[in-house]
2 protein chains.
Amino acid sequence: MSRVDVFSNIKARDASNIIEQSFVRGEVIIILANCIIHYEGRALSDIGPGDRVLIIKPDGTLIIHKKIKREPVNWQPPGSTIRAYERNGRLVIKSIRYNPYEIIIVECLEIYLIAIYDAIDPYALEISGTERDLAELIYRNPEVIEKGFKVLKLEYQTPFGIIDVLGEDKEGRLVVIELKRSSAGLQSVSQLRRYVEAMKNLTRRDIRGILIAPRITESALALVRKYGLEYKKLEPPKVPRTHDGRGVRSKKLLDYMDDYENKTE
Amino acid sequence: MSRVDVFSNIKARDASNIIEQSFVRGEVIIILANCIIHYEGRALSDIGPGDRVLIIKPDGTLIIHKKIKREPVNWQPPGSTIRAYERNGRLVIKSIRYNPYEIIIVECLEIYLIAIYDAIDPYALEISGTERDLAELIYRNPEVIEKGFKVLKLEYQTPFGIIDVLGEDKEGRLVVIELKRSSAGLQSVSQLRRYVEAMKNLTRRDIRGILIAPRITESALALVRKYGLEYKKLEPPKVPRTHDGRGVRSKKLLDYMDDYENKTE
DNA sequence: GCCTGTATCTCGCTT
DNA sequence: AAGCGAGGTACAGGC
């Protein structure tokens with residue numbers, strides 16, 4: 001049996017049956033159709049007729065793509081319900097989410113193609129270069145902050161937010177650290193300031209606040225100084241990891257990179 | 001000529017030709033395949049073999065979906081380049097983005113289906129219930145804030161951020177307003193405080209700061225009080241708008257809602 | 001280009 | 001269930 005079944009030139013009623021049965025079987029459903037879309041929930045939207053790509057996933061996700069942009073024009077998150085039926089000779093797909101209550105109605109004026117995809121996908125994404133990697137770097141090598149720095153807590157909860165890294169400098173002052181995986185802006189400075197103020201309510205010790213990021217905007221740096229905070233440049237490490245934890249992968253990527261150079265030059 | 005061409009049982013070399021030619025023609029390409037994916041750029045990621053859905057859009061967008069979740073497992077934003085070729089008998093799709101430099105390599109172990117979609121989609125999404133709608137409500141009806149309130153500026157730029165609404169109360173005090181379309185949290189309070197502090201550098205007038213949102217978290221409200229700010233409950237209006245500006249649409253949505261009740265009860 | 005802030009953000013995590 | 005913060009966030013608007 002093939003992994004994919006394809007239907008074209010299909011009547012609305014048949015399409016609705018195929019979709020509902022396939023959804024129950026836990027398959028991915030791809031629909032190419034001309035449709036109009038109504039959405040109401042946290043906001044309200046409508047869009048007139050156009051050729052779009054619909055993806056219905058077995059977890060209840062609904063994604064509707066236009067022919068441009070990375071973001072779907074309409075969607076429903078995992079856990080939503082899916083119903084398909086025929087109405088006035090047209091395929092209608094209705095998805096409802098509860099809490100918050102949100103509804104999407106897709107009315108298909110023309111169905112070009114329906115693909116039923118019995119997908120098997122056991123692997124999870126392995127990623128590095130995140131803020132978490134930056135935190136682990138500091139945890140394992142506290143001296144990257146400064147000589148004599150000690151980590152006291154990661155993800156330390158205060159009444160007014162969660163501090164990425166709480167530490168202590170060699171003079172015994174409390175150090176509040178806010179991490180950013182990429183450029184730090186005004187918001188990051190406000191965040192750090194909030195945590196420092198929160199800690200001032202909890203202790204009478206001297207407190208320093210340090211913003212850690214590979215880059216900072218000019219106005220953010222000005223704000224850091226205005227608030228008596230500090231900035232230190234530091235990048236999150238990108239460490240290739242394979243499923244079994246060995247760093248074999250980068251060689252393979254480099255292999256492809258070479259391949260790219262050969263193809264395009 | 002049909003809007004969709006479908007290919008299955010296709011060789012890697014043929015697939016690559018179809019993809020490259022179709023991309024040049026400005027069509028949407030949907031590929032169902034078992035693949036591994038390498039990504040390197042702002043971060044670094046890998047994922048082992050699995051059945052996924054790939055969408056290549058004519059604007060250079062690449063989206064790769066697993067069988068669950070709303071978010072793609074890997075992607076490339078609009079403006080990226082797309083290349084497809086055969087390597088060791090396998091289809092390889094490579095996408096590069098510059099600034100920042102990011103590369104995705106998809107190696108297909110098996111191609112289940114390729115659909116070439118000549119999509120036509122002229123309409124844009126019409127949406128309401130956004131922060132912008134809340135701002136317009138206040139601009140047209142300043143009294144929703146309080147009696148005697150006057151709007152001075154929308155999107156007023158300070159050295160430390162952009163104030164949603166700058167206004168004046170009936171006592172002649174400057175009022176800084178921060179809007180949220182949904183629940184306000186700690187971050188919103190920090191933001192408002194930053195703007196109020198920024199204005200204090202620019203004027204000697206008395207300044208009030210008001211956070212406007214349909215809801216606020218408990219700790220955010222505590223922080224509002226701690227900083228001497230104010231909170232006012234207000235919701236962004238959801239106004240159905242049709243393409244020509246008339247509010248005809250909600251009747252149609254209600255029509256479908258009734259339909260839903262009939263179908264499910 | 002960079003910077004700033006919103007989003008029907010989504011997602012994971014913790015209380 | 002609600003709150004909090006990260007994200008390869010994407011996206012729009014300004015400068």
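Sequence lines set the chain letters: A, B, ... in the order given, protein chains first and strands last, and positions in each chain run from 1.
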K.L.:
Does a side-chain N or O from T217(A) land closer than 4.0 Å to OP1 or OP2 of dT4(C), or not?
P.N.:
yes
K.L.:
Base, sugar-phosphate or nothing for E131(A)? Non-hydrogen atoms, less than 4.0 Å.
P.N.:
sugar-phosphate
K.L.:
Any idea which of dT4(C), dG8(D), dC15(D) is nearest the Q157(B) side chain?
P.N.:
dC15(D)
K.L.:
Using a cut-off of 4.0 Å on non-hydrogen atoms, how would the nucleic acid contact of Q187(B) be classed: base, sugar-phosphate, or nothing?
P.N.:
nothing
K.L.:
Which of the following nucleotides, dA1(D), dG5(D), dG14(D), is nearest to the side chain of Y195(A)?
P.N.:
dG5(D)
K.L.:
Quick check on dC3(C): is either OP1 or OP2 less than 4.0 Å from any side-chain nitrogen or oxygen of R215(A)?
P.N.:
yes
K.L.:
Which nucleotide, dA6(D), dA10(D), dC3(C), lies nearest any side-chain atom of S219(A)?
P.N.:
dC3(C)
K.L.:
Side chain of T130(B) only, heavy atoms from C-beta on: which candidate in dA7(C), dA1(D), dC3(C) is closest?
P.N.:
dA7(C)
K.L.:
As a test of reading the structure: which of dT4(C), dT8(C), dT9(D) is closest to the side chain of L125(B), going by heavy atoms?
P.N.:
dT8(C)
K.L.:
Determine all donor-acceptor pairs shorter than 3.5 Å in which one atom belongs to a side chain in residues 213-221 of chain A; sequence neighbours excluded.
P.N.:
{"unit_1": "T217(A)", "atom_1": "OG1", "unit_2": "A220(A)", "atom_2": "N", "d": "3.3"}

K.L.:
So which one's nearest nucleotide on DNA chain D is more toward 5', I162(A) or I104(B)?
P.N.:
I162(A)
K.L.:
Could you identify which residues of residues 58-69 of chain B place a heavy atom less than 4.0 Å from some atom of DNA chain C, listed by residue number, or say none?
P.N.:
K69(B)
K.L.:
Can you work out whether E71(A) or S183(B) has the more 5'-proximal nearest nucleotide on DNA chain D?
P.N.:
S183(B)
K.L.:
Looking at the side chain of R194(A), which of dG5(D), dT6(C), dT8(C) is the nearest nucleotide?
P.N.:
dG5(D)
K.L.:
Base, sugar-phosphate, or nothing for P78(A), non-hydrogen atoms under 4.0 angstrom?
P.N.:
sugar-phosphate
K.L.:
Is it the case that S190(B) and R194(A) place a side-chain donor and acceptor less than 3.5 Å from each other?
P.N.:
yes
